[in-house]
Amino acid sequence: MADSSQYVKHIEVYVNSTSSTEQSASVQAIATLLKNDLLTLEALVREMDLYLTTTDSIIRARGILLLGELLVQLTMKPLSRAAISSLIGFFTERLADWKALHGALIGCLALMRRKSSVGVITEDEAKAVAQCYMMNLQVQSLGQHDRKLCFELLECLMDQYPFAAQALGGELLYMICEAIDGEKDPQCLMHAFHIIEVAAQLFPDPAGPFANYAADLFDVLGSYFPIYFTHPTGEDVIVSRDELSRALMLAFASSPLFEPFAIPLLLDKLSSSLPSAKVESLKYLSYCTLKYGSDRMSRHAEVLWFTLKDILYTSPQSALSLESESAGVLGLKGTDIMDEAVLLLQELTRQNGGSLLNFILSDEEINTFINSFTQHKDVNDIPLQRKQRLHAIGLLLSVSAKSSASFCNRVFEKFFPHLMETLGLLIGNPSENDYHVEDNLRPARLNFEALYLCVELLDASRYLVVGMKEPSSVLDFGRQTCCSLLHGFSRSLTRAFLASIETVDVESNSYVYLTVRGLQILATFPRNFPAVSAYLCEEILFKLVSVLTSDFHKKLLWGLVLRSLVEIGSFNDKHPNSEQAASFEHIVVEKILSLVSFDNSTMPLALKLQAVLDIGMIGRSNMLRVVQGLNESISSTFSQAYVYGNLESITLMIKLLESYSNKVLPWFETNGGSEDVPLKFAVTMLEKIEDSASSGHMVQNNDLHTATVTAIKNAVACCSEGGQKTILHKAFRVLSSSTLELKDSMSVFRWEGSNYVDSLHRVSYRDEWIISLFASVVIALHPQTHIPDIKMLLHLFAMDLLRGHIPSAQALGSLVNKLPSRNSSLGSSHECCLEEAIDMIFSSNLWSLFKLNNVKENPVLGVDGKMDYSNLTVSDMNHVSARTCCAILGLAWIGKGLVMRGHERVKDITMTFLSILLQNGSTGGLLQFHNLMEGFTEQEVLSLMRSAADAFHILMSDSEACLNRKYHAAIRPLYKQRFYNTLMPIFASSITKSNSSIVRCMLARSFAHVVSETPLPAILNDAKMVIPLLLDCLSTLQEDVLNKDVIYNVILVISGILIEEKAQEAVLENAHTIVDRLIMLISYPHMMVLRETAIQCLVAMSQLPHARIYPLRTQVLRAILKALDDPKRAVREEAIRCRQAWASIASRSLHF
Amino acid sequence: MVSDLINANPTVYEKRDRRTRTAPNDVDEYAAEPIDQLEIFDHLRDIKDPEHPYSLEELKVITEDAIEVDDKRSYVRVTFTPTVEHCSLAAAIGLCLRVKLMRCLPSRYKVDIRVAPGSHATEASVNKQLNDKERVAAALESPNLLNLVEECLAPSFA
């Protein structure tokens, strides 16, 4: 048992203290004692006796509050029946003590919310609480927190003690009315609305107490509609307007007894001019209709109908052009009100359709409208009001027809024949094959309004049929008048549509849209619904296909037709074995696929490919056939394009390859295709290239070249390891067909004297082509794919790299990135592991360029390279410097492969770059060439250093062409951050140490590359160190115009740092220097965005604590004054903003 | 309270669309974009009327055509039209225009602010007041007037 002095101390702290943290600490302490049974509740209450009963109301209130809060803490602790009963008795009594009410409410609530397993209060006790509540509490006179507690108490009473609540009957409802009336706080209102909802469920009896109070309750409730909410939309708002509105809606719909009050109110608010009120009313009406039931709602049917009609007739206000898709065929833009009205209409027809349908069918305005269609030249000539009318009627008919088969029937019976008459169509026998009979009777142009309604009706009936699950109900529907009407008119309707497609002029978009849509609907009626015959379907398909192949100059029509065909195709694809699917296959797919052969039509190539691919994307079988077609045309055009260089064939080939890369391969990837397609594609391409390569002819065309390489790369990336192995095998054969001497891989590297330099030049375009093809295969390989003869490849790529051939460098990078390391289990399958490969690359005498004087020391190859530095002529020296740049580039890609997998050997490479930059060999690394530098001109040294600096950009940046997820690169998480963290100290020390301005500039350039590619959070960690370095970079880089992009990247990093709160301290420390540098950049003449960003940074600076930046104010204002006269408008605008921001720091805004 | 307003019920006109910034990539980095009529108008259009919560553009106190600018000679002239003839706030509006332009334009500019001929009862005196450097400076020394100006200019710096 705990020492009494211990907890008494806590009690005293609680009662006497005013600090809320101390109070909650003592509550916690006592609660812990109670939970661990170190203290009993009885002992505590006895000890607190004086606090609970004293006449000092402040002390008493705190004492009671402490007891209440303790009970909140103890909700999970079992308590004895006696304890609970005495406690609830105490708290109930205290409800009358308004000075200590808060604690009493909390205590009551805590006791009432207990779970039955730990001891609860009885129904009788709950009832006593409620009665005491009724006697003593004037809820609306309390503060917000207490009101909320009162509401929670009521909620809890009705939720957990329904019998006690029911026993109270009308009294309870009276109490609710009184408590809620006039409430304004959103949180309390949420509870209040819920209370009414629960109360309605407690008293479901239509003759019970709820009925007596319904009017009063609704009187209170109704005044909140529509929810008008002026709270700020900040994050601290606990209850949103939508939540409140939803709670109120639930309360409205909680009891059908509210119906006589709610519906008139909602209808009244519907006529409000406020759009949001209209939307709300419609939403509530839909929900209430659902809840109140059809009996009660039928009374309001007529009023509802007229209101709805009014809304629909006038609602889509704005008439837009047909440009936007959502505007639909009439060019009317839907509104929220419209959408809600349609939902309500659907709800009403679903529930109480009969009477509503009667209203619709007998509505005079609708009938007059339909009986007096006017002829317009184009939809744009129809006045807005009439358009709205048409739109509304279309909606009404379509919604009611969609709701059930019998309604559909009635709508069709009433309107369809008349529509057909207006369109000038007659009933015919669809199985007859004569074309001519009534063709002449048709007017020159179909009536647009009738056409619109007709298509809406067709759509509704199709929607109904497709939605029917049971075949029997479809058959049933098929026997009704609606179907026979459709059946009767189907032929003439189809013919009319078909003819209209032919005759319609290109400009009248709406006609085109409607007719194509009509045809699409007719062609997609399920086959077991006998409205449209198979024969007609085929006729439609024939026509659409012929439009597709011949009317390609009508852009809109063509696009719509293609889309319709795709829709029809996907519909058929869901029923693969039906007769319809077969005819679609036969008529559409085959015909369109024949387009791929391309020879005999005038259709533009892009359109052909689009049509073919879109049709292919309908389904797998189609796509496979498309692929087959593409492959065929690739093989037929191949030799023309690659061997003879026929320009037309080259364009065709490029297009074909692009559609492979961009459409076909991604489609198979997302739709889970097998690897057959990419595999076959890659293998065939390689075979063909091999053939033509061995024959010696190869056209020189860079676009073709790029397209081929990309397509093959993507195809390889899509294959599995097995497939890649096959492709690799093929690729080797292609490689062997080149003139490169690969058989004896060592011989390639055996040079003598300056012949070496020449050997680098002796590569034909064809061989370069073949190597880049091979490189593209290697780039896309999986890490698991086994690569044979890897040593030869490493040499080959390394050699080629020195020619400045980037794909080889990238391939080398990919190889290094993916080779298994020595100790991994996969290593056994490879003849060469990562470490070996790296050793080989690093020690190969490729780099002997840089160690001309000690070639002999090269232990691996033991080459007898006697190249002596003194023997080289000037032109040779030029070659050497150019090669060195290429070597640096190649090293950068290799380094990138290593960085991404997080391999430590990347250190050697970065050290090499750094040693070039620092112009010393002391740091070690691969290329110890400081002796060599003496032979170079200053210009060459500079370009060398620049390449080394830019190598850091390659190391850090993401590449599209290789080493990314798509090409299965090994990417270690956070590799950029790691790399940055290793480089940062090196740069920091070397930049400060360096004396030469060139070295400084190059170091700054490299550092800028690294920093601008590093994720910002990593930089923020050592902002204190980075900011001075970045500022230093800015001033160093500014001297050279060529650095402008680099400067821009740096300033973006700085602007990122400036807006982070985390770095504010570091920014403040350097505020003066930052402002100095930014001011310098304001007048940077070579890049507008740079100036703009610098000024934006200054604006961000003005948000820093005033004490720090006030001294800088005059300096900034003076500098900004110049920017006001900047040649570029955007900069001037920023300058004005910046001037205002800095000027308003002080009381006197500007000195004039 | 309502009777205190000089023009209790002004006509409010629609705002015009703003110049959208076209950002073609092949823009010439060194080509100058001279300050033009629309740019000046963009500076002034959002200034709030001293007595109504509308912008000067909405009240048609200023229009694009009423601005005359010559970038080469560093000269700009703004002619504004008060909503009513006896408007005592005309000078205040003019002061706002002048302060705004002083803050937005490079210091080489000479700014000339005028009331449209025939639109104000004491046209000449208002013009004289607005273009007198000393009187403008003196006006801005007065905290009340400066506060009024700041309040009117606030929306135009958004």
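Labels below follow one simple rule: chain letters A, B, ... track the order of the sequence lines, proteins then strands, and each chain is numbered from 1.
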message: Tell me which of these, B/Cys104, B/Ser107, B/Ala32, B/Ala137, has more heavy-atom pairs under 4.5 Å with chain A than the rest.
response: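 So the answer, after comparing B/Cys104, B/Ser107, B/Ala32, B/Ala137, is B/Cys104.
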query: With a cut-off of 6.0 Å (strictly less than), are more than 12 heavy atoms of other residues, nucleotides or ligands near OH of A/Tyr1084?
result: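 More than 12 heavy atoms, drawn from other residues, nucleotides or ligands, come within 6.0 Å of this atom.
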task: Count the heavy atoms of every other residue, nucleotide or ligand shown that sit under 6.0 Å from OH of A/Tyr1110, and state whether that count exceeds 12.
output: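 Open: at most 12 neighbouring heavy atoms sit under 6.0 Å from OH of A/Tyr1110.
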- prompt: Considering only heavy atoms, which portion of B/Pro143 lies under 4.5 Å from any heavy atom of chain A: side chain, backbone, both, or neither?
  reply: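 Neither part, no heavy atoms under 4.5 Å.
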Any chance you could measure [X], atom [atom1], to [Y], atom [atom2], to the nearest 0.5 Å?
X: B/Glu33; Y: A/Arg1129; atom1: CD; atom2: CZ; result: 5.0 Å
X: A/Ile1136; Y: B/Ser156; atom1: CD1; atom2: OG; result: 9.5 Å
X: A/Asp1126; Y: B/Ile35; atom1: CG; atom2: CD1; result: 10.0 Å
X: A/Met1088; Y: B/Tyr30; atom1: CE; atom2: OH; result: 13.0 Å

query: Any donor-acceptor pair under 3.5 Å linking the side chain of B/Arg103 with the backbone of A/Arg1139?
result: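 Absent.
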message: Between A/Lys1122 (side chain only) and B/Pro106 (backbone N and O only), is there a donor and an acceptor less than 3.5 Å apart?
response: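 Side chain of A/Lys1122 to backbone of B/Pro106, a donor-acceptor pair under 3.5 Å: no, none is there.
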- prompt: Between B/Leu105 and A/Leu1124, which heavy-atom pair has the shortest distance, and what is it?
  reply: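 Heavy-atom minimum between the residues: O-CD1, 3.8 Å.
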query: Should the pair A/Arg1132-B/Glu39 be classified as a salt bridge under the 4.0 Å nitrogen-to-oxygen rule?
result: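 Between B/Glu39 and A/Arg1132 there is a salt bridge, with a charged N closer than 4.0 Å to a carboxylate O.
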